[in-house]
Student: 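Here it is, the structure in full.
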Amino acid sequence: MYTAYQIKSLPKNVMDYFAIGEKRQKQNSEVTRAELDTFLKPGGSMDAAKMMEEWFADTQHPVFISHSRLDKEEALALSGWLEKEFGLTSFIDSCCWGHADELLRLLDFTYCRDDPKTNIVSYKGSLITASHVHLMLSTALTKMMDRCECVFFLNSENSIKEVSIKDMVKSDKDAITQSPWLFHEISMLKLLRRREKADHRESLTNFSAEGVVKKADVDVPKFDYPVDLDGVPALGASELAKWLAKRGGDEYLVEHGVKSLRRFPLDLLYEVSPPQ
């Protein structure tokens, strides 16, 4: 990762690009997954490294988009806008979430049913599979953030909640998130190494089972995670418009079938809002 920005507002017409983003992410997700028995080692254990490689592919994109589950459409629209206007492809974190949910269902259905004739899953067994899958997911997300040059975090009411003055005194933070994955990704913004732009661009290739568990009627408590976005510059619709305007005078070229600018698009963004 070279730098990161928090997106506070998007261009008014951003949803016009939703279909482009949705099509791209469907293409990225249309992968035939290997059967579980292909990961079995002679001793009967699972090859976790091989499973991660198959289910959480380590692809290369210049942009990583972090967002709340409730902002998926906005994230897809933003990815479409980036691709259409700048030739930049994006990795959207919810793609990994979907793969994790699918893998967890498959593991539970195969190994954790109390009775093979039913779809009732063992609570203890499901806890074990969940711990492994969630560790794989957090590792995959961290690796992707490290590989992408720029991280865009969609800072919305769905992802970040303001804290009252009373609670602020107790926690020393003025905002929280109730998503463990957003908490992980925001934390990584502070902990990941900062790499040079050239390191990212040398290897850049992307420029341009149902009913397993019956949902229980329980009220699971929400967990509040303090977030620290100090030092992460904020971008709004006006800054994004300035970035788009900078693109206007540049000539296009085509590499590997992808339309791009002679100047790398993210360099134009860094002129509008210098990285910190």
Student: Got L78 and I92 here, is their nearest side-chain heavy-atom distance under 4.5 Å?
Tutor: no

Student: Taking L40 as the starting point, is it possible to reach L103 by hopping between hydrophobic residues whose side chains are less than 4.5 Å apart?
Tutor: yes

Student: Membership question, hydrophobic clusters at under 4.5 Å side-chain separation (ILVMFWY): are L135 and F183 in the same one?
Tutor: no

Student: Please answer whether the main-chain N or O of V232 pairs with a side-chain N or O of Q6 as donor and acceptor at a distance below 3.5 Å.
Tutor: yes

Student: Determine the sole option in F91, F153, Y5 for which the ring pair (Phe, Tyr, Trp, His ring centres under 6.0 Å) test with F64 is passed.
Tutor: F91

Student: Can you tell me if S9 uses its side chain to pair, donor with acceptor, with the backbone of A237 under 3.5 Å?
Tutor: yes

Student: Using every non-hydrogen atom in the two residues, find where L10 and V14 come nearest and quote the distance to one decimal.
Tutor: CB-CG1, 4.0 Å

Student: Looking at side-chain heavy atoms only, is the closest gap between W81 and P11 below 4.5 Å?
Tutor: yes

Student: Between H200 (side chain only) and R147 (backbone N and O only), is there a donor and an acceptor less than 3.5 Å apart?
Tutor: yes

Student: Yes or no on side chain to side chain contact (heavy atoms under 4.5 Å, CB included) for V63 and C148, after CA distance, side-chain angles and deciding distance?
Tutor: CA-CA 5 Å; V63 175; C148 292; over 6 Å; no

Student: Taking a hydrophobic cluster as the set of Ile, Leu, Val, Met, Phe, Trp and Tyr residues connected by side-chain heavy atoms closer than 4.5 Å, whether directly or through intermediates, do Y123 and I120 fall within one such cluster?
Tutor: no

Student: Assess whether salt bridge (Lys or Arg N to Asp or Glu O under 4.0 Å) is satisfied between R24 and E83, documenting all intermediate values.
Tutor: CA-CA 9 Å; R24 168 66 69 176; E83 182 168 353; 2.6 Å; yes

Student: Between H132 and I128, is there a side-chain heavy-atom distance shorter than 4.5 Å?
Tutor: yes

Student: Are a donor atom and an acceptor atom from the side chains of E239 and S273 found within less than 3.5 Å of each other?
Tutor: no

Student: Do the charged groups of D93 and K72 touch, with an N to O distance under 4.0 Å?
Tutor: no

Student: If you measure from CE on M144 to OG1 on T139, what distance do you get to the nearest 0.5 Å?
Tutor: 13.5 Å

Student: Any link between L107 and L127 through a network of hydrophobic side chains (Ile, Leu, Val, Met, Phe, Trp, Tyr) touching at under 4.5 Å?
Tutor: no

Student: Kindly determine whether I7 and N155 satisfy side chain to side chain contact (heavy atoms under 4.5 Å, CB included), including the steps that lead there.
Tutor: CA-CA 6 Å; I7 307 295; N155 188 336; over 6 Å; no

Student: Under a 3.5 Å threshold, yes or no: a donor from one side chain and an acceptor from the other, between S94 and H67?
Tutor: yes

Student: Starting at CG of L235, measure out to NZ of K242 and round the result to the nearest 0.5 Å.
Tutor: 10.5 Å

Student: Check the pair S68, D71 against side chain to side chain contact (heavy atoms under 4.5 Å, CB included), reporting the backbone distance first and the verdict last.
Tutor: CA-CA 5 Å; S68 162; D71 293 328; 3.8 Å; yes

Student: Which pair of non-hydrogen atoms, one from Q25 and one from S90, has the smallest distance, and what is that distance?
Tutor: NE2-O, 3.4 Å

Student: Any chance you could measure L70, atom CG, to N158, atom CG, to the nearest 0.5 Å?
Tutor: 4.5 Å

Student: Can you see whether Y111 has R113 sitting over its ring - NZ or CZ less than 6.0 Å from the centre and within 45° of the normal?
Tutor: no

Student: Does a donor on one side chain sit under 3.5 Å from an acceptor on the other, for H184 and S179?
Tutor: no

Student: If every non-hydrogen atom of A175 is compared with every non-hydrogen atom of I160, which pair is closest and at what distance?
Tutor: CB-CG2, 3.6 Å

Student: Between C150 and L266, which heavy-atom pair has the shortest distance, and what is it?
Tutor: CB-CD1, 4.0 Å

Student: Give a yes or no on this: more than 12 heavy atoms of other residues, nucleotides or ligands lie within 6.0 Å of atom NZ of K190.
Tutor: yes

Student: Determine whether a donor-acceptor pair (N or O, by modelled atom type, separation under 3.5 Å) exists between the side chain of S126 and the backbone of S122.
Tutor: no

Student: Quick one: NZ on K143 to CE on M188, what's the gap to the nearest 0.5 Å?
Tutor: 14.5 Å

Student: Considering only heavy atoms from C-beta outward, does the side chain of R195 approach that of M1 to under 4.5 Å?
Tutor: no

Student: To the nearest 0.5 Å, what is the distance between OG1 on T177 and CG on D224?
Tutor: 9.0 Å

Student: For E74, which residues count as a salt bridge (Lys or Arg N to Asp or Glu O under 4.0 Å) partner, sequence neighbours excluded?
Tutor: none

Student: Which heavy atom in E149 sits nearest to a heavy atom in F264, and how many Å separate them?
Tutor: OE1-CE2, 3.7 Å

Student: Does T129 have any side chain to side chain donor-acceptor pair (under 3.5 Å) partners at least two apart in sequence or in another chain, and if so, which?
Tutor: D108

Student: Quick one: does any side-chain atom of S159 pair with a main-chain N or O of L154 as donor and acceptor, under 3.5 Å?
Tutor: yes

Student: For the pair K23 (side chain) and F18 (backbone), establish whether a donor and an acceptor sit closer than 3.5 Å, ignoring hydrogens and angles.
Tutor: no

Student: Determine, step by step, whether L189 and M145 satisfy the side chain to side chain contact (heavy atoms under 4.5 Å, CB included) criterion, reporting the C-alpha distance in whole Å, the side-chain angles of both residues, the deciding distance to 0.1 Å, and the verdict.
Tutor: CA-CA 8 Å; L189 295 181; M145 291 180 70; 3.7 Å; yes

Student: Just wondering, do K41 and M46 contact through their side chains at under 4.5 Å, heavy atoms?
Tutor: no

Student: Between K124 and D114, does the salt bridge (Lys or Arg N to Asp or Glu O under 4.0 Å) criterion hold? Intermediate values first, please.
Tutor: CA-CA 10 Å; K124 183 177 180 180; D114 289 325; over 6 Å; no

Student: Quick check: closest heavy atoms across K197 and Y270, and the distance to 0.1 Å?
Tutor: CD-CE1, 3.6 Å

Student: Nearest 0.5 Å, what's the CZ-CD distance between R201 and E196?
Tutor: 10.5 Å

Student: My understanding is that only residues two or more places apart in sequence, or in another chain, count here; which of them pass side chain to side chain donor-acceptor pair (under 3.5 Å) with Y17?
Tutor: E85

Student: Please work out whether the ring planes of F86 and W243 are parallel, tilted or perpendicular, with thresholds of 30° and 60°.
Tutor: parallel

